[in-house]
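Quick note on labels: first sequence line is chain A, next is B, and so on, each numbered from 1.
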Amino acid sequence: MHLNYHAELNPEQYEAATTIEGPLLIIAGAGSGKTRVITYRTAYMLDKGVPQSAILALTFTNKAAKEMSERVRHVTGKKLQNLSVSTFHSFGVKILRKEIQRLGWRDNFSIYDEVDRTQLIKDCAREVGFRMDAFDPNKAGMVFSDVKTGRKDWVNDADGYEKIYHEYQAALKAYNAVDFDDLIGLPIRVFETFPEAREAYRDQFRFIMIDEFQDTSLQQYRLMRLLSRDNICVVGDDDQSIYSWRGANFENIINFEKDWPQRKEITLYRNYRSTTTILDAANSVIQHNSNRKPKDLVSPNEGGAMIEIYAPESEIEEGEFIARVIKEIKLKDKLRYDQFGVLIRTNALTRHLEEAFLAAQVPYRVTGGTSFFQRKEIKDVISYLRVIANPEDDVNLIRIANVPRRGIGRRSLELLSDVAKRYSCSMRAAMQRVRSDHDLEFPERTRQDIDSFLSLLEFFREEFKGRRNLSLKVRKLVDTIDYWGYLVSENQHNEKAAKWKFLNVESLIQGIDVWEKDPDNLEPTLYAWLNRISLITRDDQDEDDSGKVNLTTIHAAKGLEYDVVFIAGCEDGIIPHARALEEGDGNVEEERRLFYVAITRARQRLLITACRRRRRNAMPVDCTPSPFLAEIPEALLSWREDEAALTEDEAADAWTQVHAMFDK
DNA sequence: CGTCTCCAGGTTTTT
DNA sequence: CCTGGAGACG
């Protein structure tokens, strides 16, 4: 490898990239070439003879992990099969697959997503006799997560959730399942309980890098500390901390300074990404936050286009506007579609934009949205696969017991649950008992239904044992249970919906096919696939990103950049989100950071839309622009009002509105 | 006992 | 608008 590090990096970047020994804290402002530094730093380590397997790079989102490994591959021109670049959670899965037996779980454990977890929490609450009328399983889930990650204890358990929590924990273990928090928490437990396991990992990963360090939770920080000796490099920016709701804690920057007092600290402050117009806007906005490490980003890209603001009448018009303007700019500036990013605060906003893009034939790709894997029809199929992999997985077993309808309804499940309780065994074991033990009193009809259900599962359990032709087997499964017939009968008045759902299943199967045929895939087994999809929201493995507009939440866009950025739905109540503000005052600052992240994604042009009215739960609601807009210096803004009904007067009105909000 | 039908309620961001 | 749960029906 003959990389000229001096030519490729500025002095701060160079120092950061070539300091590979000892603890290093890099404060990297938006657009200051953070990914570049990490990429070159990795290349530098490889240059110096560090083996790939000794390097561990951790990120938060799959997108970031993917981006990072692609860039390293690109810079080094090497295949990097032994380099570990992953999210904290998928790294946790890797550890648990090797070590979880130490804690009493068995192989092929299930990873419960939000839906599974909520279901289990409901069951547990019912089990311990909690009053169900006023029970909020989502709230309980949040409390459980806080407890699990050490942010809360049961001392002030106003809701009386503690009992449910213990039931929940016991059930997870009985079902051989873990939840997302366990993916970090259980590895910590392994390392703290079994020092020899910890040593083995510490010996292997002699060089550790953490990206987006401001987003680490205390729990993740603990895991990182257990793993690392001294060659630890963390990269972060307190202004871009946007995950505090998930336990991210930028005090970790302070913890790091405390725990590694001999650390080196480097600040990257030169922004190469954005025009000064965009940067000035970003700086003005973020300056309204207290409590930040002051840093002024400087950019050599003087001037640049004004930031454009447009106030569409409705979300429909907003979509049309964005689609039209993308086409205009693409033509005029000779850009590709993939150089555009459309950012939104909440996934719910994607829908209209997608419709507009479809109508205008603008190719796009969405990240997030109701996760593909959480769609009902997809979850059904996956539940079958989970039960086949892990027979103790009661949550998924119950989910599919009567899907498609096979006579095992509510009452049957209740009876089975009684049996399971009586013999303290899993539902699956209870079913087996009912099948074989004819002395056990049970409705004969149901007994037969259970028998054929079990036979079906057993058949496919054998079927899936081999490691070949996964997708063919899944297709066979879907055919055998006549899932298509089920979809048709479930959606009798909506043939289109049935078809759409079936197409989703079809695309799931095709996804498996692509995945198992990937020559880089060293482990094309059912279980490896299940693990993988537990941690991703969307299967973009084979997706060809080129030539498509990126439609994404601001959270998911962090770390990415686009020539032209639209921030859609920039209304009060959306950014900042009303719900976030309800939770606490500190959240205004986090919402502002979110807006800051959105602005700083843009290289050349930034366009912001704020609807005057928007449909919410099928009801149109009047909207006012986001108060953050008033924090951008007026001189940087231009109101766009071309073809629409927006007159000069109305524009002035909108402005008065913004200022009025700013003043109050 | 299973299935069908209607109704209320609910949505921040991600792993 | 879409899902999940409760109650009626067969």
Side-chain angles (χ1 to χ4, degrees), chain A residues 58-65 86-93 111-115 117-119 122 126 132-133 136-138 142 145 149 178-185 212 215 217 219-220 241-248 343-351 367-371 373-376 379 399 401-402 404-415 443-446 449 489-494 497 531-538 552-558 569 573-583 587 590-591 593-594 597-598 615-619:
Chain A
L58 293 175
T59 63
F60 285 83
T61 60
N62 296 299
K63 225 175 173 180
S86 68
T87 64
F88 265 97
H89 288 83
S90 50
F91 180 66
V93 173
I111 301 169
Y112 279 1
D113 67 12
E114 217 67 34
V115 179
R117 178 168 168 266
T118 307
Q119 187 57 50
K122 274 188 230 164
R126 211 167 286 134
M132 294 307 287
D133 42 331
D136 180 349
N138 288 317
M142 268 150 66
S145 181
T149 54
V178 300
D179 64 19
F180 278 132
D181 295 321
D182 289 332
L183 296 179
I184 314 293
E212 308 287 5
D215 289 328
S217 64
Q219 201 195 22
Q220 286 161 334
S241 167
I242 54 176
Y243 282 98
S244 70
W245 50 273
R246 207 179 80 185
L343 309 191
I344 45 186
R345 172 69 235 265
T346 72
N347 285 312
L349 303 180
T350 50
R351 211 196 159 94
T367 58
T370 349
S371 153
F373 294 100
Q374 311 221 118
R375 290 173 204 265
K376 234 166 144 271
K379 262 201 91 82
R399 181 190 171 88
N402 209 27
R405 313 244 178 255
R406 56 167 68 86
I408 309 177
R410 193 178 16 177
R411 182 70 192 142
S412 301
L413 287 175
E414 262 171 48
L415 289 172
E444 205 45 45
R445 179 70 213 269
T446 314
D449 292 333
S489 72
E490 284 292 289
N491 299 280
Q492 286 183 5
H493 313 288
N494 197 347
N531 273 329
R532 183 174 156 273
I533 54 115
S534 304
L535 297 172
I536 58 180
T537 45
R538 212 193 133 70
T552 163
T553 62
I554 302 173
H555 282 88
K558 196 162 67 136
I574 297 181
I575 321 180
H577 200 279
R579 219 176 188 88
L581 297 190
E582 273 168 33
E583 276 170 18
N587 289 341
E590 173 140 327
E591 295 290 308
R593 287 193 293 270
L594 206 45
V597 168
R615 222 165 252 282
R616 220 181 137 71
N617 285 350
M619 288 291 289

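- Listed nucleotides: dT13(B), dT14(B), dG2(B). Nearest to the side chain of R345(A): dT13(B).
- When distances are taken from the side chain of N347(A) to each of dG7(C), dT14(B), dT15(B), the shortest belongs to dT14(B).
- Each of R246(A) and E490(A) was assigned the nucleotide of DNA chain B with the nearest heavy atom; the assignment lying further toward the 5' end belongs to E490(A).
- In this structure, F88(A) reaches neither bases nor backbone, as no heavy-atom distance under 4.0 Å exists between it and the strands shown.
- Separating the CZ atom of F373(A) from the C1' atom of dT14(B) is a distance of 15 Å, rounded to the nearest angstrom.
- Between the side chain of R405(A) and the base of dT3(B), no donor-acceptor pair under 3.5 Å is found.
- Heavy-atom nearest nucleotides on DNA chain C were determined for K376(A) and for R410(A), and the one closer to the 5' end corresponds to K376(A).
- Among dC2(C), dA8(C), dT15(B), the nucleotide with an atom closest to any side-chain atom of L535(A) is dT15(B).
- Between the CG atom of N491(A) and the P atom of dC2(C) there is a distance of 11 Å, given to the nearest Å.
- With D179(A) contributing its side chain and I111(A) its backbone, the two residues share no donor-acceptor pair below 3.5 Å.
- Not one side-chain nitrogen or oxygen of N587(A) sits closer than 4.0 Å to the OP1 or OP2 atom of dT13(B).
- Using a 4.0 Å cut-off between charged side-chain N and carboxylate O, R579(A) and E582(A) make no salt bridge.
- Between S412(A) and S90(A), the one whose closest nucleotide on DNA chain B sits nearer the 5' end is S412(A).
- For T553(A) and dT14(B), the shortest distance from a side-chain N or O to OP1 or OP2 is below 4.0 Å.
- Considering only the side chain of H577(A), dT12(B) comes nearest among dC1(B), dT15(B), dT12(B).
- Residue-to-nucleotide contacts include no donor-acceptor pair under 3.5 Å from the side chain of R579(A) to the base of dT12(B).
- For the pair E212(A) (side chain) and T59(A) (backbone), a donor-acceptor distance under 3.5 Å is absent.
- One atom, NE2 of H555(A), and another, P of dT13(B), lie 9 Å apart when rounded to the nearest Å.
- If you measure from atom CD1 of I344(A) to atom P of dT14(B), you get 9 Å, rounded to the nearest angstrom.
- A distance-only check finds a donor-acceptor pair linking the side chain of H555(A) to the backbone of I242(A) [under 3.5 Å].
- The CD1-P distance, from I554(A) to dT14(B), rounds to 10 Å in whole Å.
- Evaluation of Y243(A) against the base of dT13(B) yields no stacking contact (centre distance < 5.5 Å, interplanar angle < 30° required).
- Of the listed nucleotides (dG4(C), dT15(B), dC1(B)), dT15(B) has the atom at the smallest distance from the side chain of T87(A).
- Using the six-membered ring where Trp is involved, F88(A) and F60(A) have ring planes that are tilted, between 30° and 60° apart.
- Summarising the geometry, the separation between CD on Q374(A) and C1' on dT11(B) is reported as 13 Å, rounded to the nearest angstrom.
- No contact: L581(A) has no heavy atom under 4.0 Å from any strand.
- As a whole-Å value, the separation of D179(A) CG from dT14(B) P is 19 Å.
- For E114(A), the listed nucleotide lying nearest its side chain is dT15(B); candidates were dT15(B), dT12(B), dT11(B).
- Rounding to the nearest 0.5 Å places CD1 of I574(A) at 10.0 Å from CZ of R345(A).
- For the residue pair D181(A)/S145(A), the side-chain donor-acceptor check at 3.5 Å is satisfied.
- Judged by closest nucleotide on DNA chain C, R351(A) is the one of R351(A) and R126(A) placed further toward the 5' end.
- The side chain of A580(A) approaches dT12(B) more closely than any other nucleotide in the set dG4(C), dT12(B), dT15(B).
- When the side-chain nitrogen and oxygen atoms of N138(A) are compared with OP1 and OP2 of dT11(B), one or more of them lie within a distance under 4.0 Å.
- D136(A) comes within 4.0 angstrom of nothing in the nucleic acid, heavy atoms only.
- Among the nucleotides dG2(B), dT12(B), dG5(C), the one closest to the side chain of K122(A) is dG5(C).
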